[in-house]
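Predicted model, so just to flag it, every value in this text is computed and none were measured. Ligands are counted one by one from 1 in listed order, and the atoms in each one are counted from 1 as well.
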Amino acid sequence: MRADFDVPVLRSTGASERQAGMIVEPFRIERQKETLDYLLDHGVRVVLVAHISAVDSFVGIHDQLQQILGRTFPILSKLEDISVFLAGGAQLALLENVRQFAGEKENDSGLAMSLAKGCDIYVNNAFAVCHRAHASVAAVTHHLPSYAGLLVAEEVAHLQKALDASVKGKVVVIGGAKASTKVPVIRHFVDRAEHILVGGVVANDILKARGRDVGASLVDDDAAHLLEGLDINDPRLIVPDDFVITDDKILDIGPTSAARFAEIIKTSSMVIWNGPMGMFEDSRYGEATGVVTHAIAQAQLSIIGGGDTIAVVRKAGVGLDKFSFVSTGGGAMLAFLAGEQLPGLEGLGYYDCD
Ligand code: ADP
Ligand code: MG
């Protein structure tokens, strides 16, 4: 089972670089539990395969992983340990951080074969990595009968609903940085939503493209290129018109724009949200994001996702249960919402009718 344990960890003081600390946001791990329980409760013996970027090894967070999942399991440090585990009687084991093995990021079929060896089926439950053609996500599906885990199936169903729901009353809220991942979503939704509300650095990019002076504000160097072909003056595309500015930099959208966004959100029938409106890590620039967060939490139907977006929600003291669906994906959710075909879903039969 390809699981997703890619969570941020807080380094404990005194720990050397790349050593583990405390898991501060267990959401992604918690979301693995349902599929894992399903398999184990049906007598399936499971080798968990996952990666983490914040640290090198799972060893330092082993106890926390076991606690969150409510299971005990050994960590297999070498690929050869998989067959040793399979030859024994234990039900569950976790392979060490799969990105530490050569060939993972290269989608190497040799690594995929080593992962598949001795196993009967492959279950992909790591939605957040489905936009990557990596060995444990893509190549492995060529070596085993492959299935979507319950989480992947749920993610796809909700995000597909976001794409397919009727245009009327549908509102997309996009903030944060990285135009390369956000602009394709705007582009894909411009004919699929009634309003697209834009904040964060992406708003700076659009304002600049409209010829507005954004001073020393953060912008994406690629934005002009990425925005090509999109009608930036489309009335459905709503950008802020007041701002919180420090040292000639736009660091948050202003209160009037935030109130306007909140009003549109509250009367929507579906809202899809990714990315903070401002540099929320500094509370002086988190005001508008807070207003938008509370409005989305009250919306009829809300689909949200993104690492910083979840951090924003936690910071606002709003429960994740106040949203209809919280995606575990950041990049994967954006790629899906941009209409891209995800390499990790290809081997699971999702695109077979195309
Ligand atoms: P997510 O992880 O939810 O997809 P992003 O990673 O795209 O969100 O964006 C989050 C980052 O965007 C935050 O670090 C935030 O500080 C930054 N940001 C948002 N607005 C601004 C701004 N106006 N100026 C500088 N940084 C901003
Ligand atoms: Mg982020």
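Atom CD of E287 is surrounded by 12 or fewer heavy atoms from other residues, nucleotides or ligands within 6.0 Å.
Under 4.0 Å from ligand 1, heavy atoms of V201 appear from its side chain as well as its backbone.
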Quiz prompt | salt bridge (charged side-chain N to carboxylate O under 4.0 Å, His left out) evaluation trace for E104 with R2 | solution = CA-CA 12 Å; E104 167 62 3; R2 181 47 160 107; 3.8 Å; yes
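Shortest contact from atom 18 (N) of ligand 1 to any protein heavy atom: G278 O, 3.8 Å. When only non-hydrogen protein atoms are considered, atom 25 (C) of ligand 1 lies nearest to L218 CD2, 3.7 Å. Ranking protein heavy atoms by distance to atom 3 (O) of ligand 1, first place goes to T309 OG1, 2.6 Å.
Within the 4.0 Å heavy-atom shell around ligand 1 one finds E281. By the 4.0 Å heavy-atom criterion, G330 is excluded from the residues contacting ligand 1. The shell of residues lying under 4.0 angstrom from ligand 1, judged by heavy atoms, includes K182.
By heavy-atom distance, the residue among G176, G175, A288, P240 lying nearest atom 12 (O) of ligand 1 is G176.
Between D252 and ligand 1, a contact under 3.5 Å exists for no N or O pair. The N/O atoms of I250, backbone and side chain alike, include one that comes under 3.5 Å of an N/O atom in ligand 1. Inclusion of A177 in the set of residues having an N or O under 3.5 Å from an N or O of ligand 1 is warranted.
A cation-pi arrangement is absent between R28 and F127, since the terminal nitrogen or guanidinium carbon is not both under 6.0 Å from the aromatic centre and inside a 45° cone about the axis.
Two residues are said to be in side-chain contact when any heavy atoms from C-beta on lie closer than 4.5 Å; V292 and T289 fail this criterion. Residues L92 and L48 meet the side-chain proximity criterion, which asks for heavy atoms closer than 4.5 Å. Between N124 and V137, the closest side-chain pair of non-hydrogen atoms falls below 4.5 Å.
The aromatic rings of F323 and W273 sit tilted, their planes meeting at an angle between 30° and 60°.
When the Mg ion (ligand 2) is compared with the N/O/S atoms of D308, atom OD2 turns out nearest.
Atom numbering of ligand 1 starts at 1 in the shown order; those under 4.0 Å from a heavy atom of G307 are 2 (O), 3 (O). Close approach of ligand 1 to N274 (heavy-atom distance below 4.0 Å) involves ligand atoms 1 (P), 3 (O), 4 (O). Using a 4.0 Å cut-off to heavy atoms of D308, the atoms of ligand 1 that qualify are 1 (P), 2 (O), 3 (O), 5 (P), 6 (O), 8 (O), 10 (C).
D191 and K170 are not joined by a salt bridge, as no carboxylate oxygen comes within less than 4.0 angstrom of a charged side-chain nitrogen.
Side-chain contact of D4 with Q32: a donor-acceptor pair under 3.5 Å is absent, judged by distance alone.
One distance of note links CD1 of I250 with CE of M279; it measures 13.5 Å at 0.5 Å rounding.
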